[in-house]
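Attaching a single structure in structure tokens format; questions to follow.
Worth saying up front: this structure is predicted, and the values here are computed from it rather than measured. Below, read A as the first sequence line, B as the second, and so on, with proteins coming before strands; counting in each chain starts at 1.
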Amino acid sequence: MKQSLFTIRKNESLTSTVFRMVLEGETSAVTGAGQFLNIKLDGLFLRRPLSICDYDENTITILYKVVGKGTEVMSEMAPSVSLDILTGLGNGYDTTKSGDRPLLIGGGVGVPPMYRLAKNLINEGKKPIVILGFNTKDEAFYVEEFESLGVEVIVATADGTLGTKGFVTDIVKSLSNYTYFYTCGPEPMLKALSDCTTTSGQLSFEERMGCGFGACMGCSCETKYGNKRICKDGPVLEKEEIIW
Amino acid sequence: MKQSLFTIRKNESLTSTVFRMVLEGETSAVTGAGQFLNIKLDGLFLRRPLSICDYDENTITILYKVVGKGTEVMSEMAPSVSLDILTGLGNGYDTTKSGDRPLLIGGGVGVPPMYRLAKNLINEGKKPIVILGFNTKDEAFYVEEFESLGVEVIVATADGTLGTKGFVTDIVKSLSNYTYFYTCGPEPMLKALSDCTTTSGQLSFEERMGCGFGACMGCSCETKYGNKRICKDGPVLEKEEIIW
Amino acid sequence: MVNTKVTLSGITLDNPVIPASGTFGYGYEFAEYYDINMLGSFSFKGTTREPRFGNPTPRIAECTGGLINSVGLQNPGIEKVISEELPKMREVFHKPVIANISGFSVDEYVYCCEKINKEDQVGIIEVNVSCPNVHHGGMSFGTSPEAAAEVTRAVKAVTSKPVYIKLSPNVTDIASIAKACEEAGADGISLINTLMGMRIDLKTAKPAIANTMGGFSGSAIFPVAVRMVYQVYEAVKIPVIGMGGVSSAEDVLEMMLAGATAVQVGAANLVEPFACKNIIEDLPRVMKKYGITDLNDIIGGAHK
Amino acid sequence: MVNTKVTLSGITLDNPVIPASGTFGYGYEFAEYYDINMLGSFSFKGTTREPRFGNPTPRIAECTGGLINSVGLQNPGIEKVISEELPKMREVFHKPVIANISGFSVDEYVYCCEKINKEDQVGIIEVNVSCPNVHHGGMSFGTSPEAAAEVTRAVKAVTSKPVYIKLSPNVTDIASIAKACEEAGADGISLINTLMGMRIDLKTAKPAIANTMGGFSGSAIFPVAVRMVYQVYEAVKIPVIGMGGVSSAEDVLEMMLAGATAVQVGAANLVEPFACKNIIEDLPRVMKKYGITDLNDIIGGAHK
Ligand SMILES: Cc1cc2nc3c(=O)[nH]c(=O)nc-3n(C[C@H](O)[C@H](O)[C@H](O)COP(=O)(O)OP(=O)(O)OC[C@H]3O[C@@H](n4cnc5c(N)ncnc54)[C@H](O)[C@@H]3O)c2cc1C
Ligand SMILES: Cc1cc2nc3c(=O)[nH]c(=O)nc-3n(C[C@H](O)[C@H](O)[C@H](O)COP(=O)(O)OP(=O)(O)OC[C@H]3O[C@@H](n4cnc5c(N)ncnc54)[C@H](O)[C@@H]3O)c2cc1C
Ligand SMILES: Cc1cc2nc3c(=O)[nH]c(=O)nc-3n(C[C@H](O)[C@H](O)[C@H](O)COP(=O)(O)O)c2cc1C
Ligand SMILES: Cc1cc2nc3c(=O)[nH]c(=O)nc-3n(C[C@H](O)[C@H](O)[C@H](O)COP(=O)(O)O)c2cc1C
Ligand code: FES
Ligand code: FES
């Protein structure tokens with residue numbers, strides 16, 4: 001965990017409610033895909049946790065959906081504004097278990113962490129299949145970005161306006177030759193995936209957070225391996241340990 | 001009273017702790033010298049009351065001393081920032097009672113309202129004498145501005161580093177041919193002036209304010225003419241009504 | 001179209017938004033700035049038998065998200081309120097008003113309520129039991145179920161108008177006090193009054209308020225207010241007027257979900273003179289956002 | 001040079017800044033980020049007899065100037081705290097720590113305090129009486145002078161270390177409870193624990209916290225905390241540890257002027273992981289600004 005100031009370099013809309021923000025600053029605390037950062041916003045007491053979509057030596061990219069006060073304020077911020085951010089939070093995905101052909105399944109605002117994860121897996125010489133689920137075409141984002149990584153991308157929309165009509169689970173059920181799965185998205189989707197996947201996998205969870213770095217026990221959950229803090233021992237849990 | 005947005009046009013230091021801010025906006029609610037405005041600052045619950053030093057059709061000038069959180073934040077504001085301000089607050093000085101040669105006595109941050117008052121009196125064909133009191137030369141401000149109005153300006157500093165050594169009361173006691181007095185400054189100074197002046201006069205008071213426009217009774221004082229709210233029935237009171 | 005009308009003891013308000021006592025004077029201060037007839041009602045400054053200057057100044061101290069006041073019930077006394085303030089109010093506000101009555105003995109409450117009961121401008125009498133009881137060791141009437149019930153019974157005996165008891169939050173068990181008032185005949189409960197708070201001026205090392213302590217209110221106290229409204233709604237069947245830190249249309253909805261039939265706005269008026277107007281104008285938009293067509297549908301909604 | 005050393009029941013702290021229980025884990029989480037030996041002491045997570053998972057999630061809700069938590073005393077239970085956490089703490093913190101003990105019956109307090117009393121790492125036992133008393137209708141021990149005194153007496157009988165009773169602010173008369181604890185043998189008073197608060201999620205129309213209500217803390221509650229520390233300082237002679245909303249060196253001075261000998265920092269740690277470090281480093285500057293050379297000179301200074 002590191003606390004430092006970042007400067008907004010880009011802040012642009014991808015859909016009517018989803019934005020991409022590129023932040024410049026000290027990124028040394030970020031150690032892998034699936035981690036998150038925690039942003040302090042003026043006038044709001046709690047920091048806002050957001051997944052890291054991508055990063056390099058001096059920038060971090062996040063994708064966020066406007067759902068309340070904090071994300072609304074963020075969507076109105078201009079480049080060059082600086083933000084107090086905690087980085088290097090959370091365990092992140094473990095890529096060593098992926099096998100050759102892991103599935104990466106992102107639903108809605110669960111899509112962002114899949115991007116860096118896909119990149120890392122490709123770098124490790126693996127052939128991930130990326131499945132992205134959205135409600136409708138207008139809410140879809142980052143499809144091209146995933147495609148330009150050179151991976152196979154399958155899109156599902158609930159209303160069929162883009163890609164396959166249906167849920168990501170419909171697609172997962174139709175696949176058989178995958179070696180592992182990684183996912184992030186709404187909890188009902190995670191549960192459904194846990195049920196319909198035939199391999200082990202890692203699932204990333206959300207919880208209301210007091211601190212985001214393990215101090216308050218605000219985000220605890222019970223697992224088969226004992227109590228865990230989503231912020232510190234997660235947000236990524238293994239399929240086998242989860243108690244639904 | 002009017003609520004509107006003003007844009008900072010200038011914000012510059014006059015001494016190490018006193019700043020001048022020029023605000024552009026709708027000034028129609030301001031009706032005279034001695035009134036004040038009430039500024040909303042992000043993150044602070046109460047507005048900050050500050051006297052109007054001068055104004056024209058679309059700007060208001062205030063002079064403020066950095067004494068706490070609010071004024072500190074203000075001193076760091078850049079031009080073009082906009083501020084939510086209530087204008088047209090307070091009764092202001094009544095110039096009809098001044099006679100030909102009124103004394104205007106400003107002490108420290110009580111100096112600002114004297115500036116517009118001097119201008120108004122001059123416009124009305126009167127010959128005000130301005131007495132400005134400071135602790136020391138380094139804390140003096142606006143002496144030249146008063147001089148360039150063409151009025152007689154007498155400065156007193158407690159340590160004698162500028163003008164006469166001593167207090168404004170020493171100067172007032174040495175004068176006899178004045179017709180009335182107007183003053184603003186620390187309460188001990190107001191009290192001393194009330195005692196040593198030989199004419200009627202008007203004194204401007206400060207009090208902790210909840211609202212600044214007469215709603216909360218936070219700023220009340222007892223006078224010989226009944227209870228008054230400093231913010232609405234004041235800040236200017238007549239010498240005769242004050243109960244010390 | 002959405003419905004914002006709510007009803008308190010037979011009095012229908014165009015909307016649930018009511019400026020809280022002590023933060024809206026007698027209304028005419030605000031009537032200079034906007035037509036206050038858009039308000040659901042308003043609760044005028046707390047009235048006592050005798051005229052009161054109140055406490056020494058400084059009476060105001062700033063806090064994170066609020067302020068402390070120790071105005072100390074400054075008011076011209078019941079006779080002058082009736083002879084001078086009510087007629088002035090009538091000119092600017094044409095709906096039933098809420099008369100906020102305070103006292104330091106049961107007799108004083110009775111005296112004031114009996115007088116104000118005769119005024120047809122007054123729709124509801126709001127009895128503030130947060131004041132210290134001079135006959136019983138100075139603890140406020142609002143801190144014991146028995147004392148609060150005693151005031152309620154005494155006041156009910158001399159009035160024909162609906163009586164709402166306004167409770168202090170500085171208590172261990174707000175529900176039992178509300179229940180005692182209900183059993184003693186109260187027509188409704190108003191809550192919360194201010195939390196007792198204190199600040200110290202570092203420059204002088206003395207209390208920032210001349211009277212040492214004062215009443216803390218503003219958005220900072222909202223979570224305490226929501227909790228107490230929720231608890232009182234569970235404990236009583238009479239309507240609840242909720243207040244404490246309300247400063248937006250969203251806050252109004254949250255108070256109503258907790259159990260409030262109407263909502264008062266206090267400290268927000270002081271720093272945002274158009275607070276009530278803005279909230280009322282914003283209500284329909286926020287109701288639509290959350291799929292609410294009739295405010296009556298959400299009263300106590302969080303209890304389901 | 002300024003003196004920031006203060007003494008609690010014979011234990012001298014390098015400075016009065018102490019992270020509050022439940023917001024600093026067992027210290028080692030923070031020791032990864034800075035050397036926590038700079039702290040005056042720290043109060044570790046509330047410990048109960050049995051291991052507890054605590055309440056269902058969501059356990060956190062945001063408020064203006066603070067948060068509500070309903071963690072519900074998640075902890076591994078006294079045996080594991082002693083066998084696993086204390087040794088880990090010892091590696092990163094070399095001063096006496098404050099052991100925060102909770103319970104749902106007098107027996108449970110006694111059991112835990114007796115155990116923890118044997119640990120020489122523990123300098124002070126802080127007994128949190130805000131938990132509901134399962135044997136007496138669920139009201140917390142901290143809401144009645146008798147119950148608080150009973151816990152105090154029972155605990156004192158089995159410990160040789162200084163016992164500080166940590167009081168709940170959700171009471172009518174904090175001073176009488178503090179006095180009862182003093183008379184029952186308490187060596188000091190810690191206050192305040194969280195205010196009971198509640199938020200409702202407008203999207204779901206349900207309480208934002210799974211457990212309906214929770215403990216509200218953060219800068220919003222500071223004026224209530226200062227007031228209670230002031231009242232308790234007047235009522236008792238034993239030292240007071242003040243807390244509630246402290247988030248700056250200025251706040252530390254204000255608490256001490258109100259009567260605190262030492263000051264705990266809670267919610268601020270969660271959003272500002274370096275809060276305690278920053279406060280400690282800023283203390284000398286702020287002391288100089290207000291002309292303070294020795295912190296001991298200002299304890300209770302606002303009472304003069
Ligand atoms: C580990 C983690 C990673 C996340 N990554 C992303 C991401 O990459 N993109 C994205 O759009 N969203 C992400 N979220 C959800 C994001 O944190 C919330 O949408 C955001 O905090 C909402 O803030 P707000 O002020 O706009 O909403 P408000 O509803 O006004 O927030 C009120 C409070 O609730 C909390 N809150 C609200 N929704 C959530 C939620 N779903 N999960 C946790 N806390 C919440 C807020 O943080 C705040 O404390 C992530 C959440 C977690 C826990
Ligand atoms: C009618 C009126 C006119 C004023 N005109 C001027 C002026 O022209 N120039 C100038 O420098 N100052 C003036 N003051 C004083 C000015 O309001 C305070 O210096 C300022 O509010 C301090 O704010 P702060 O946040 O920096 O201080 P803080 O001490 O952090 O403020 C805390 C609270 O105390 C209040 N407060 C602090 N000092 C005073 C004070 N002296 N009077 C009233 N409230 C105070 C603040 O408004 C705030 O609510 C005037 C005050 C009044 C009442
Ligand atoms: C300046 C001021 C004066 C008040 N005077 C009274 C009063 O006379 N009678 C009363 O019942 N409540 C009085 N109150 C309490 C408010 O009516 C309200 O109950 C409380 O402030 C909580 O609401 P808020 O947080 O919106 O301010 C006063 C509050 C303030 C801030
Ligand atoms: C997340 C959280 C957990 C807490 N857990 C405990 C606890 O286990 N035992 C206890 O006595 N107090 C606990 N508290 C209360 C704090 O120690 C402190 O008394 C209170 O939060 C007020 O201080 P603050 O405003 O600085 O947070 C907890 C507070 C928070 C925010
Ligand atoms: S949010 Fe504090 S421990 Fe996870
Ligand atoms: S400050 Fe509110 S009446 Fe003067």
Side-chain angles (χ1 to χ4, degrees), chain C residues 61 63-68 139-140 142-144 168-174 195-208 212-214 216 218-231 245 247 250 253-258 286 289-292 298 301-304, chain D residues 61 63-68 139-140 142-144 168-174 195-208 212-214 216 218-231 245 247 250 253-258 286 289-292 298 301-304:
Chain C
C63 307
T64 300
L67 80 162
I68 294 173
M139 283 295 269
S140 103
T143 56
S144 103
S168 162
N170 302 297
V171 298
T172 308
D173 184 3
I174 192 89
L195 282 170
M196 217 200 299
M198 174 172 181
R199 294 301 308 272
I200 296 164
D201 186 335
L202 296 182
K203 287 179 195 156
T204 61
K206 294 260 162 300
T212 309
M213 294 167 197
F216 173 36
S219 34
I221 72 167
F222 185 66
V224 176
V226 170
R227 184 261 293 183
M228 291 193 163
V229 167
Y230 187 93
Q231 290 177 315
S247 57
E250 283 86 353
L253 298 188
E254 194 166 333
M255 273 291 179
M256 294 186 76
L257 285 167
V286 179
K289 179 171 170 189
Y290 293 105
I292 302 162
I298 69 164
H303 294 262
K304 278 162 210 158
Chain D
C63 306
T64 300
L67 81 162
I68 294 172
M139 286 294 268
S140 101
T143 57
S144 103
S168 161
N170 303 297
V171 298
T172 308
D173 184 4
I174 193 88
L195 282 169
M196 215 200 300
M198 173 174 182
R199 294 300 308 272
I200 297 165
D201 185 336
L202 295 182
K203 287 180 195 155
T204 60
K206 295 261 164 300
T212 309
M213 293 167 198
F216 174 36
S219 34
I221 72 167
F222 185 65
V224 175
V226 171
R227 184 260 294 182
M228 291 191 163
V229 167
Y230 187 94
Q231 290 177 316
S247 57
E250 283 86 352
L253 298 188
E254 195 166 333
M255 272 294 178
M256 295 186 74
L257 284 167
V286 178
K289 179 171 169 189
Y290 294 106
I292 302 161
I298 70 164
H303 293 261
K304 278 162 207 158

Turns out that what part of C:Met196 lies under 4.5 Å from chain D's heavy atoms comes down to both
Would you say D:Thr172 and C:Thr143 are linked by a side-chain donor-acceptor pair, where the criterion is simply a distance under 3.5 Å? no
Bottom line for D:Thr204: the part with an atom under 4.5 Å from chain C's heavy atoms is neither
Taken in chain and number order and not counting sequence neighbours, the residues that satisfy side chain to side chain donor-acceptor pair (under 3.5 Å) with C:Ser168 are C:Asn170
Is it the side chain or the backbone of C:Leu195 that comes within 4.5 Å of chain D heavy atoms, both, or neither? side chain
For D:Leu202, is it the side chain, the backbone, both, or neither that has a heavy atom closer than 4.5 Å to a heavy atom of chain C? both
Stepwise side-chain contact (heavy atoms from CB on, under 4.5 Å) test for D:Met213 and C:Gln231: CA-CA 10 Å; D:Met213 293 167 198; C:Gln231 290 177 315; 3.6 Å; yes
Which atoms of C:Leu257 are under 4.5 Å from chain D, going by heavy atoms: the side chain, the backbone, both sets, or neither? both
Can you name the nearest heavy-atom pair linking D:Ile200 to C:Ala302, along with the distance? CD1-CB, 3.7 Å
With chain C, the option among D:Pro223, D:Ser144, D:Ala205 that has the most non-hydrogen atom pairs under 4.5 Å is D:Pro223
One should read off an interatomic distance between C:Arg199 CZ and D:Tyr230 OH, to the nearest 0.5 angstrom, of 15.0 Å
Between D:Gly301, D:Ala258, D:Ser219, which residue shows the highest count of heavy-atom pairs closer than 4.5 Å to chain C? D:Ser219
Pair count under 4.5 Å, heavy atoms only, with chain D: among C:Met228, C:Glu250, C:His303, highest is C:Glu250
Trace of the side-chain contact (heavy atoms from CB on, under 4.5 Å) decision for D:Val224 with C:Phe216: CA-CA 8 Å; D:Val224 175; C:Phe216 173 36; 3.9 Å; yes
